[in-house]
Novice: 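Following this message is one structure expressed as structure tokens.
Numbers restart at 1 for each chain; the letters A, B, ... are given by sequence-line order, proteins then strands.
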Protein chains: 4
Amino acid sequence: MRQNKKVGEDAKAQKRKQIMIAAMEMFAQKGYHTCTISDITKHAGIAKGLVYNYFDSKEDLMLKIVAEGFTLLIGGLDANSDGIITKEEFKNFVDLLFKKVESNKYYWRLYYSILLQPDIDKEKVFKTIEEIYQPVFQMVVDYYQSQNKENPVAEVVLWQSLLDGIVLNYLYNENYPLDEIKQVVYQKFI
Amino acid sequence: MRQNKKVGEDAKAQKRKQIMIAAMEMFAQKGYHTCTISDITKHAGIAKGLVYNYFDSKEDLMLKIVAEGFTLLIGGLDANSDGIITKEEFKNFVDLLFKKVESNKYYWRLYYSILLQPDIDKEKVFKTIEEIYQPVFQMVVDYYQSQNKENPVAEVVLWQSLLDGIVLNYLYNENYPLDEIKQVVYQKFI
Amino acid sequence: MRQNKKVGEDAKAQKRKQIMIAAMEMFAQKGYHTCTISDITKHAGIAKGLVYNYFDSKEDLMLKIVAEGFTLLIGGLDANSDGIITKEEFKNFVDLLFKKVESNKYYWRLYYSILLQPDIDKEKVFKTIEEIYQPVFQMVVDYYQSQNKENPVAEVVLWQSLLDGIVLNYLYNENYPLDEIKQVVYQKFI
Amino acid sequence: MRQNKKVGEDAKAQKRKQIMIAAMEMFAQKGYHTCTISDITKHAGIAKGLVYNYFDSKEDLMLKIVAEGFTLLIGGLDANSDGIITKEEFKNFVDLLFKKVESNKYYWRLYYSILLQPDIDKEKVFKTIEEIYQPVFQMVVDYYQSQNKENPVAEVVLWQSLLDGIVLNYLYNENYPLDEIKQVVYQKFI
DNA sequence: GATGAATGAGATTTCATTCAT
DNA sequence: CATGAATGAAATCTCATTCAT
């Protein structure tokens, strides 16, 4: 019995994930408002009503994708540190960040498009993101402090803005020369 | 008669502008898809149908706001130059850019949200934007070349990404320390 | 002064007719409901509001076209008779009828399409048509009676149905062999 | 499972038919353009949106009613023949035709009103009708030929025009003496 | 009389969500 | 759990009609 329940739960989690992936792809492709529940369920190969066995609403589905995806992608980034981050470690961190972007374009398109959508109640998702992001942010601030920068917080905000700008241009511009830009960033800022 | 016709045309242009401003504000506030024609016309104090005397469709209205706004805001930026841009002139140019963003938040929110919307046929609006933007881009490339930078185009792309990132964070984050960031940008990059 | 008034009235009648002709053509071309007041006024080369200086409404305009057109086209048909109609006169009458159809296709298309439109209050227009049609109908009944037909009314109703059917097929079927059919009608029924 | 699917499909076909019948009645009563989707769904006792689960658009719904109705009503008429049609068989054929008209007034009103509507893309429906009608037409031509008529095609065209005229007058004129007319037709033409 | 900008009721269509099976 | 037919609110857009000029 317990076995069965476990199996059932795994299957449920599996289906949930399947829906989220299909939804993420369709949201990123057509935009949140233009993409319909039908689009998603067709893409996932399931019945329309099934989404509502796993999520409260279209909005809930989308917010959970954004929050859980953020947790997944950014959650592990603060890993290593013994307290002091070296230049080498920071470069690896940035490298990893870029890799996460390059291999999850759909997610990041959705992420940014949602952040820029004025409707949509982002309170809850923001809270999750904030919680995940705070330690990462702090880690970079620490690094800048260890480099004896004058105004480490401002520097990190600037740094984050730069990354946002690069990522956005990369995500929405097919010809964006990401590798070249990465080189310039590395030699200029690291 | 000619007088009358002229007056009528002026009034029409006036009304057209009134609709565009109301639409821009509502689009920026509620997002393109969530904002209804009713929202716009109520905000403008006119009847629902009137929009369609001036624009073909909701989408047409939005694209014209984006295109004409871009022309207005970016169109005049290549002004001055006697061929060689000095550091001083470049700083003024960046200053002006920031000012245009700070005093047209609604417009820029709409602008970025549209660029990141995967639905919406952006072909035409892109063509307009490209035409306007190209000389400005070239001007900055020229400046970088005059500074003997190694890879001026990559540098400008990076520079533009940085600005995009800063502007986006400023537009959607109430507490973004724009002035502080501007200072850091000036001392680091100019 | 009287002169002016007269001229003014003539001009008015002229404009009224101009509107009716434009309307008839557009109604016949696009159908009553699909054809807009704008279509009509553009076709007539006048301002949209002007229609309402001459007619109460779109429906009024259409009904007046149908009624006055019927009067014009059918009104004169009972002309000649000295009481007794000869075979020759009857053939001329039918000939004339066909000619009126062939040279006023637009009108007859409108006429039939309106008769078959279940919405539209046809009461008034029917009264006019009835008044005009009655003597013509009677004339044909008289002719049939003079031919010692058994049931002249039924014969005329049948005859009229036949003409309706021929005209309708001719109006809406480009390849309808009207001339051939006319020959068959003449040799079979007259 | 297969059972269920079958049942579901039967139910779907049933509902589709229910919508078509309701629509036919309302179209015939109010006219295609005046009749709204709301009229139809209220009359059918279903929700407004449901029509669009079964038909692409209001126009699609109407065209399918016309085409499928024609197939149903005229499709079976070429039945019997062993090659030679007797006078008796021909009379039965005409009888049947009249019966089909008398017991499907709604359909035929819709049919004629659509044929006379200049807007509406009739291409597809015409193709269907043509395919169904052609063998019936041919059958009558054959009959006329067997009667050694001089110009059988013209005779059939005339005959068809006569029927159209009779049917139309019957459909739109409450006092049309159909039975009397039928008698005259039989004794005159058969 | 003539104009055409403005109105607003109303039509078609979409789609998130529910729920009986 | 899964299905997909059914719902109905709401959005875009049209157009007859009015009226200030």
Novice: Which part of the nucleic acid, if any, lies within reach of C:Y54 when heavy atoms closer than 4.0 Å are counted: base, sugar-phosphate only, or nothing?
Specialist: sugar-phosphate
Novice: How about B:K42: does its NZ atom have over 12 heavy atoms from other parts shown lying under 6.0 Å from it?
Specialist: no
Novice: Do A:L171 and A:Y112 touch side chain to side chain, with heavy atoms closer than 4.5 Å?
Specialist: yes
Novice: What's the shortest heavy-atom distance between B:L116 and A:S113, and which atoms?
Specialist: O-CB, 4.1 Å
Novice: Could you give the CD1-to-C1' distance, from D:I19 to F:dT7, as a whole number of Å?
Specialist: 13 Å
Novice: Using every non-hydrogen atom in the two residues, find where D:A28 and D:R109 come nearest and quote the distance to one decimal.
Specialist: CB-CB, 4.2 Å
Novice: Round to a whole Å and report the spacing from CG of C:L61 to C1' of F:dT17.
Specialist: 14 Å
Novice: Figure out the CD1/P separation between A:I120 and E:dA16, and round it to whole Å.
Specialist: 13 Å
Novice: Enumerate the ring pair (Phe, Tyr, Trp, His ring centres under 6.0 Å) contacts for residues 36-64 of chain D, please, sequence neighbours excluded, ordered by first and then second residue.
Specialist: none
Novice: Do side-chain atoms of C:Q18 reach the backbone of C:A44 as a donor and acceptor pair under 3.5 angstrom?
Specialist: yes
Novice: Roughly how many Å is it from CD in A:Q18 to C1' in F:dA2, rounded to a whole number?
Specialist: 12 Å
Novice: Of the residues in residues 32-52 of chain A, which ones touch DNA chain F at a heavy-atom distance under 4.0 Å?
Specialist: A:I46, A:A47, A:K48, A:G49, A:L50
Novice: Round to the nearest Å and state the distance from A:N53 atom CG to E:dT17 atom C1'.
Specialist: 12 Å
Novice: Expressed in angstrom and rounded to an integer, what is the separation of C:F55 atom CZ from E:dG1 atom C1'?
Specialist: 15 Å
Novice: According to the salt bridge (Lys or Arg N to Asp or Glu O under 4.0 Å) rule, which pairs have a member within residues 53-62 of chain C, sequence neighbours left out?
Specialist: C:D60-C:K64
Novice: Mind checking ring pair (Phe, Tyr, Trp, His ring centres under 6.0 Å) for C:Y111 and listing every partner two or more places apart, or none if nothing turns up?
Specialist: C:F70, C:W108
Novice: Hey, which of these two, A:S57 or D:E59, hits DNA chain E nearer its 5' end, going by closest nucleotide?
Specialist: D:E59
Novice: Whole-Å distance between E:dA16 C1' and A:M26 CE?
Specialist: 16 Å
Novice: Got a minute to check which stems DNA chain F is part of, using Watson-Crick or G-U wobble pairs under 3.5 Å, three or more consecutive?
Specialist: E:2-21 with F:2-21
Novice: Measure NZ/B:K12 against P/F:dA20 and give the value in whole Å, please.
Specialist: 20 Å
Novice: Quick one: list whatever passes side chain to side chain contact (heavy atoms under 4.5 Å, CB included) with B:I21, sequence neighbours left out.
Specialist: B:K17, B:E25
